[in-house]
Every structure is written in C-alpha cells, then in structure tokens.
> 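Take this structure, written in structure tokens, and hold onto it; I'll ask about it next.
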There are 2 protein chains.
Amino acid sequence: MEHPTKRERTTAALVHAALDLFERGGYEQTTVGEIARAAGVTEMTFFRHFPTKEAVLLDDPYDPELIAAVGARPASEPPFLRAARGVRGAWRSLPEPETPVIRRRIRIIALTPSLRGAMWRSTGNTERALVEQLVADGAAPAVARVAAASVLAALVSGLYAWAEAPDGSLAEAIELALDVIDVRP
Amino acid sequence: MEHPTKRERTTAALVHAALDLFERGGYEQTTVGEIARAAGVTEMTFFRHFPTKEAVLLDDPYDPELIAAVGARPASEPPFLRAARGVRGAWRSLPEPETPVIRRRIRIIALTPSLRGAMWRSTGNTERALVEQLVADGAAPAVARVAAASVLAALVSGLYAWAEAPDGSLAEAIELALDVIDVRP
DNA sequence: CCTTGAATGTTAGTCGCTAACATTTGTGAT
DNA sequence: ATCACAAATGTTAGCGACTAACATTCAAGG
C-alpha cells in the first residue's frame with residue numbers, strides 16, 4: 001500500500017466522489033456521469049471499476065474474511081454459535097480507521113429503499129457462502145441455512161442501527177446485535 | 001366483471017404475454033417492447049398499466065385484503081397470533097382459479113435474483129402496513145415489528161417452496177409454513 | 001529510452017423509463 | 001342511434017444505466 005497503483009487511486013477517487021455526491025444530493029438523483037466527472041474521469045471508466053452504480057457502495061471486500069473467520073472456529077461448535085461468533089470476531093478485528101467510511105456507506109444505504117433491496121441481495125450471496133462453509137464442516141443443511149440467515153439478519157440490523165445513531169464503536173454495535181441471538185454458555 | 005372494461009382487458013393481455021415470454025426466454029432477456037408487441041400494444045401503453053417491468057409480476061392486489069383480514073381478528077389476541085392467523089385466513093379464502101397464475105409468477109420470481117430483491121422490497125411495504133395495523137389496535141411497536149416480519153418471512157418462504165414443488169394446494173402450503181411459527185393453543 | 005500492457009477515452013447503441021402532445025376509441029346521456 | 005366527452009392509446013423525444021468495439025494515452029520494467 002506504499003505505492004498505490006493508478007487503478008487503486010482512481011477507484012478511491014470514485015468512491016470518495018460518490019459518497020460526497022450521494023450525501024449531498026441523494027443516491028437516485030446523482031448520476032454516474034457526475035461521479036465520474038467529480039473524480040476527474042469518464043463515465044466509461046466508472047464502469048471499468050464498478051460493475052454497477054450500487055457496487056460503489058455494496059462492493060465490500062469483507063465477505064471472504066467473514067467466511068474465513070467462521071471457518072476458523074472449531075467445527076465442534078454448533079453451527080449457530082459458530083456462525084455468530086465467527087462473524088463477531090471478523091468485525092472485531094476490523095481496522096478502526098475504516099469505520100467512518102463504512103458508516104457513510106451504510107447510512108446512504110439505509111435511507112435509499114432501492115439500495116436496501118440491493119443490500120438484501122448482496123447479503124443473500126454472503127448467506128450462501130456461509131451455508132456452504134458450515135455444511136462443508138458437517139452441519140445439516142437445514143440447520144446451516146437457519147443459522148446463516150438469522151446471524152446475517154442480526155448483523156445487518158446492527159449495522160443499520162449503528163449507522164443511524166452510533167452510540168459506540170462499530171464492533172460494539174455488532175456485538176450488541178449478535179448478543180440477542182447468541183446464547184452464552 | 002361481466003363487462004371487463006378495455007383497460008382491464010389490455011392489462012390482462014399484458015400479464016398473459018409477460019408470463020409467457022418470461023417463462024420462455026427469462027425475465028432479464030425479455031424486453032418490455034416485446035411484451036407490449038405480443039399484447040398488441042405499444043411499449044408506452046405497458047407503462048401506463050404498470051409503473052415498472054417488475055410490477056407486472058409483483059403488483060398483487062392481495063395486500064389490502066391481507067391487512068383487512070388481520071384487522072378483522074379480535075384485537076384481544078396477541079399480535080403474533082393475530083398476524084399469523086389473519087394471513088392464514090386471507091390466503092385460505094383465495095379463489096382457487098387464481099392460483100395457477102400466482103404459481104407462474106412466483107416461479108419466475110424465485111429463479112430471478114433481481115426479482116427476489118424486488119419481492120423483498122415489496123414485502124417490506126406489506127410489513128409496514130401490517131405493523132401499522134397491529135399498532136393501531138394497541139400492540140407495542142417492537143412486538144408488532146417482530147410479528148409482522150416473521151409472519152411475512154414464513155409466508156414468502158412457503159410461497160417459494162410451493163412454487164418449486166407444489167405437493168398440495170397453495171392454501172395448504174401457506175398453512176404449513178405458518179404452522180412452523182404459530183403456537184396452537 | 002523504449003517497449004509493452006494496463007488504464008482511459010470515444011463513439012455508438014440497447015433497455016428501462018418519463019414527458020408532452022396528438023389521436024383514436026369506447027361510453028353515457030340524449 | 002348519435003354525439004360529445006373522457007379514457008385509452010400512439011408518437012416523438014429524451015434521460016440515465018449499462019455494454020461493446022476500437023483508438024489512445026499512460027506507466028512501469030528491461
């Protein structure tokens with residue numbers, strides 16, 4: 001990261017410009033062309049960095065880490081706890097400096113109906129991956145599905161709550177949400 | 001309904017054409033223009049009947065009836081049971097002849113990711129209306145939200161399951177799904 | 001320095017969707 | 001029946017998200 005490649009720099013510029021414009025004028029009202037221009041680039045280039053307009057907000061690289069964190073927990077744990085604690089751990093180890101950006105993204109998502117739908121779809125992918133991981137380690141599919149669905153639902157609801165009124169750190173908010181689900185031993 | 005007005009007739013023609021084309025060639029691949037042409041009408045006219053392309057599948061008129069059915073149950077029942085049983089009753093009283101069309105719609109939705117997202121959004125509206133109804137009759141907002149969300153989640157999951165493998169009538173499938181939630185007295 | 005591949009620009013086009021205005025068509029009162 | 005009014009549809013023009021094909025500039029490595 002010492003020498004960010006040019007591609008990384010433009011991607012960052014696009015994200016920055018997009019967040020600014022979305023917050024200022026709303027998601028729907030902001031044009032991809034406007035974002036690109038604000039980042040000193042062409043509309044075409046935007047789509048070379050993000051497959052869709054939504055992706056600039058939803059494309060988060062945390063998914064694989066999340067799956068890995070769940071996989072790292074002992075397979076002897078019941079799937080439900082395994083998922084809940086894996087997710088908890090993954091978010092706890094998030095570098096603090098990134099949280100403000102995450103918060104801006106989630107706030108925009110929270111107050112844009114069409115983005116909430118997209119968020120749901122995106123979560124669906126994570127859910128599938130999570131189920132796959134749990135089943136690969138021996139969980140019954142039906143159990144894995146319920147576990148993944150409810151843990152992710154709690155996670156998302158925690159994210160929304162935190163974005164609206166951040167009473168503490170992101171990690172704390174996530175843990176709070178997961179506490180509702182996790183039954184401590 | 002003896003004398004369907006012209007508007008109703010074209011709406012029906014559009015729905016019919018849309019279902020056919022979607023099943024034949026997939027939702028994303030089918031153009032609004034194609035649907036309109038197949039219904040003997042212009043693309044513009046399509047949008048005079050449906051606000052969006054999705055709406056031809058999601059625009060179902062059952063929502064108000066569903067809310068009414070819940071409202072009709074004794075307000076003395078706990079919100080959760082009230083919602084579950086209201087929903088159950090609303091679907092039970094569905095005219096049988098309509099179910100084949102419903103099934104076609106839901107199958108298409110089930111296997112089109114973007115439509116699943118849209119379905120989620122649409123359900124969100126129903127959820128809000130349901131919460132409103134429950135709260136208006138004295139339920140605590142937090143309780144009402146949980147009740148509405150879980151009952152509707154069960155409903156949707158029942159719909160998907162039935163659309164994929166209809167082992168029985170729609171009403172039976174719905175009741176089966178709601179049984180998972182409803183605690184019989 | 002110079003070459004090669006990555007990153008970007010240009011142009012043109014499709015599809016979902018909207019607006020403004022003109023035209024037809026159905027329907028209700030006479 | 002008919003005639004007038006309103007509902008339903010057509011036409012044209014255009015915006016915004018997104019894609020494809022091809023040309024151009026830029027940036028690291030030898």
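These numbers come from the heavy atoms of this one structure, side chains and all, not from hydrogens, waters or symmetry mates. Naming convention: chains lettered A, B, ... in sequence-line order (proteins, then strands); numbering from 1 in each chain.
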> Are more than 12 heavy atoms from other residues, nucleotides or ligands located less than 6.0 Å from atom CZ of B:Arg103?
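It does: B:Arg103 CZ has more than 12 such atoms within range.
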
> Please determine whether a side-chain nitrogen of the Lys or Arg among A:Glu34 and A:Arg24 lies less than 4.0 Å from a carboxylate oxygen of the Asp or Glu.
no

> In whole angstrom, give the distance that lies between atom CZ of A:Arg37 and atom C1' of D:dG16.
15 Å

> How many Å lie between CD on A:Glu8 and P on C:dA6, as a whole number?
15 Å

> I need the CD1-C1' distance between A:Ile35 and D:dC18, as an integer number of Å.
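In whole Å, D:dC18 C1' lies 14 Å from A:Ile35 CD1.
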
> Just to confirm, is there a sub-4.0 Å distance from OP1 or OP2 of C:dA7 to any side-chain nitrogen or oxygen of A:Thr45?
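So the side chain of A:Thr45 is outside the cut-off, no N or O lying under 4.0 Å from OP1 or OP2 of C:dA7.
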
> Within the supplied structure, the quantity of interest is the number of heavy atoms (other residues, nucleotides, ligands) at a distance under 6.0 Å from B:Arg107 CZ; does it exceed 12?
no

> With sugar-phosphate meaning primed atoms plus P, OP1 and OP2, does B:Thr42 contact a base, only sugar-phosphate, or nothing at under 4.0 Å between heavy atoms?
base

> Sugar-phosphate atoms are those with a prime plus P, OP1 and OP2; base atoms are the rest. Using that split, label each nucleotide of nucleotides 11-22 of chain C B, S or - for protein heavy atoms under 4.0 Å, 5' to 3'.
----SSBBBB--

> Between C:dT25, D:dG10, C:dT8, which nucleotide has the shortest distance from any of its atoms to the side chain of A:His49?
C:dT8

> Kindly compute the distance separating CG (A:Leu14) from CZ (A:Arg48), expressed to the nearest 0.5 Å.
12.0 Å

> Report yes if at least one side-chain N or O of B:Thr10 is closer than 4.0 Å to OP1 or OP2 of D:dT9; otherwise report no.
yes

> State plainly whether the residues A:Arg104 and A:Asp20 are in salt-bridge range, i.e. N to O under 4.0 Å.
yes

> What do you reckon, is CD of A:Glu23 surrounded by more than 12 foreign heavy atoms closer than 6.0 Å?
yes

> Rounded to whole Å, please give me the gap between CZ in A:Arg7 and C1' in D:dA28.
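From A:Arg7 CZ to D:dA28 C1': 16 Å.
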
